[in-house]
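Just below is one structure, and these are the notes that go with it.
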Amino acid sequence: MVFVMWGRFMSMLQLTRLFGPMLRIIINMFGDIGKFMFIYTVVLCIFASISSLLFGELSKFAGFWSVFMVMFDAGFGNYDLFEDFSDFGIIAVIINCILLLNFVIAMLADTYAKLSSQSLGLYYDGVIARIPVYEDDALYGGLIIGSPPFNIFAVILVPLYLFIKDEQRLKSINDAYTKLVFAPIALLSSVVFAALSLLMVPFAYLKAVMKKFQNLLCRKHKAAS
């Protein structure tokens, strides 16, 4: 549930001008990472197969999975595992750590360089792609349209949607429920707006009097000159 809530939050961030393009770039980078992981896994399997044949008498290289993990650790700088056969270890470190891991950084940098110049297009593309998702459904929109804590009342609609099949009745129920859910929000917004408007009346009156007094002084000055 928490994962779904954070996922929804991230999807909402995609609609913002500031974070939307960056999130789209990160999503595209996951594709590059997936391609790289396939190549990286193949290379590790090659080294694991060769190591198990050459150094199978050692306990660390007894099985394929243990050899695979040794190669994986070597790619992240765990060189001590190769102290007994340094030549082979140097080759593994050069290919796994220096070559491949720097290669994936270059791939991600290239993707960022290509897409960062298209940030405005990525933003509008994300907004257009989300329009069908956030479009209100005339029959079942009430299930998701409410904001917390009023969305808890959507549970009442579930039995109605299960047993009522007439579209006209469903539209009427959905319309009535939508108005009912947003009535407290509209009432609260109206009260706050009215209170702030009344609060600003003295300041507006004072501003108007000062403006009239200023205009009167300007007219007298022009008449005197």
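The structure displayed is predicted, hence computed values, not measured ones.
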Separation of [Y] [atom2] from [X] [atom1] (nearest 0.5 Å):
| X | Y | atom1 | atom2 | result |
| --- | --- | --- | --- | --- |
| I27 | M22 | CD1 | CE | 12.5 Å |
| I39 | M37 | CD1 | CE | 11.0 Å |
| Q214 | L217 | CD | CG | 8.0 Å |
| C218 | F213 | SG | CZ | 10.5 Å |
| I26 | L108 | CD1 | CG | 10.5 Å |

Using a strict 4.0 Å threshold on nitrogen-to-oxygen distance, state whether D175 and K171 make a salt bridge.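 No, this pair does not count.
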Does F36 CZ have over 12 foreign heavy atoms under 6.0 Å away?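 Enclosed.
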Should [X] and [Y] be regarded as members of a common hydrophobic cluster, given that ILVMFWY residues are connected when their side-chain heavy atoms come within less than 4.5 Å of each other, either directly or indirectly?
| X | Y | answer |
| --- | --- | --- |
| V209 | M200 | no |
| F163 | I173 | yes |
| W65 | V43 | yes |

Can you name the one residue among V181, L180, N174 that meets side-chain contact (heavy atoms from CB on, under 4.5 Å) with T178?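 Answer after filtering V181, L180, N174: N174.
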Which donor-acceptor pairs under 3.5 Å do side chains of residues 186-199 form with protein atoms, sequence neighbours excluded?
from	atom 1	to	atom 2	distance (Å)
S189	OG	I185	O	2.8
S190	OG	A186	O	2.8
S197	OG	F193	O	2.7

Would you name the heavy atoms of M107 and D32 that are closest together and state the gap between them?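 Result for this residue pair: CE-O, 3.5 Å.
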Which pairs pass salt bridge (Lys or Arg N to Asp or Glu O under 4.0 Å) with one or both residues in residues 93-118, sequence neighbours excluded?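 Listed once each, the pairs are D110-K114.
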Test: salt bridge (Lys or Arg N to Asp or Glu O under 4.0 Å). Region: residues 198-211. Which pairs qualify, not counting sequence neighbours?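 Listed by first then second residue: nothing to list.
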